[in-house]
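This one's a predicted model, so the numbers in the text were calculated from it and none came from an experiment.
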Amino acid sequence: MEDDELQAIRARRLAELQAQSGGMSQQSAGFGVGMGSSSGGSKEDAEKKGQMEEMRRNMLYQILDNSARERLARIQMVKADKARAVEDLLIRMAQTNQLRSKVTEKQLIDLLSQISQQDSNSTQTRIVYNRRQYDDSDDDYDL
C-alpha cells in the first residue's frame, strides 16, 4: 500500500518537473533570442540532464531494494564507471521485463560476479613468444 502511494507521489513530482521544464524552456528560448542563445541552451541542456538523472534514480529506486542500493552506492564511490554500467544493465533488464521483483543484494552480487567474469575473459592478457630461429650449422663456413 505504501508503494502505491509512493509511486503516485513520484509520478506527480515527475509531472511537475516536466511541466516546469516545459515552462522554463519557453522562457529561456524567449530570453535567448535577445541576449544570446549559448547561455539558454546550456541551461536547458543542464535541466534535461538533471531530469534524466532524476528519472534514472527513480527507476533504480523502484528496481533495487535498500541493501542492494547501498552496495551499488559503495561500488560507485570506488568504480563509478562499473556502477554506471551495472545501473544501465539493470534499467535495460527492467524495461524488457526480465526482472520479476526488486533486486536483492545477493542478486546484485551475482550480477556483479557475472560481469567481472565476462570482463576478465574478454580482456585476459596473453603473451606469445616468437623466438627467432638461429642457424648454427658450420656448413656455411669452410673451416
Nearest heavy-atom contact between S116 and K82 is OG-NZ, 3.1 Å

Listed by chain and number, what are the side chain to side chain contact (heavy atoms under 4.5 Å, CB included) partners of E70, not counting sequence neighbours? R74

Within-4.5 Å side-chain heavy-atom neighbours: E87 and L60: yes

Would you say Q107 and T104 make side-chain contact, with heavy atoms under 4.5 Å? yes

Quick one: does E54's side chain get under 4.5 Å of R13's, heavy atoms only? no

Without swapping roles, check the side chain of R71 against the backbone of E105 for a donor-acceptor pair under 3.5 Å. no

Considering non-hydrogen atoms only, spot the tightest contact between L108 and V103 and give its length. N-CG1, 3.9 Å

How far does OG of S67 sit from CG of L72, to the nearest 0.5 angstrom? 11.5 Å

So, do L111 and L90 sit near enough that their side-chain heavy atoms are less than 4.5 Å apart? yes

Group every Ile, Leu, Val, Met, Phe, Trp and Tyr by side-chain heavy-atom contacts under 4.5 Å, then state whether L99 and L112 land in the same group. yes

Using a strict threshold of under 4.0 Å (side-chain N to carboxylate O), is an ion pair present between E53 and R84? yes

Show the nearest heavy-atom pair for residues R56 and D88, with the distance to one decimal. NH2-OD1, 2.5 Å

Check the pair Q62 / K102 against side-chain contact (heavy atoms from CB on, under 4.5 Å), numbers first and verdict last. CA-CA 7 Å; Q62 293 171 0; K102 285 191 171 191; 5.7 Å; no

Answer whether the closest heavy-atom distance between the side chains of K48 and E44 falls below 4.5 Å. yes

Got a salt bridge between D65 and K106, using NZ or NE/NH1/NH2 to carboxylate O under 4.0 Å? no

When rounded to the nearest 0.5 angstrom, what distance separates CD1 in I91 from CE in M93? 12.0 Å

Interatomic spacing from CD in Q114 to CD1 in I109 - rounded to 0.5 Å: 12.5 Å

Are I115 and I75 grouped together when hydrophobic residues (ILVMFWY) are joined by side-chain heavy atoms under 4.5 angstrom apart? yes

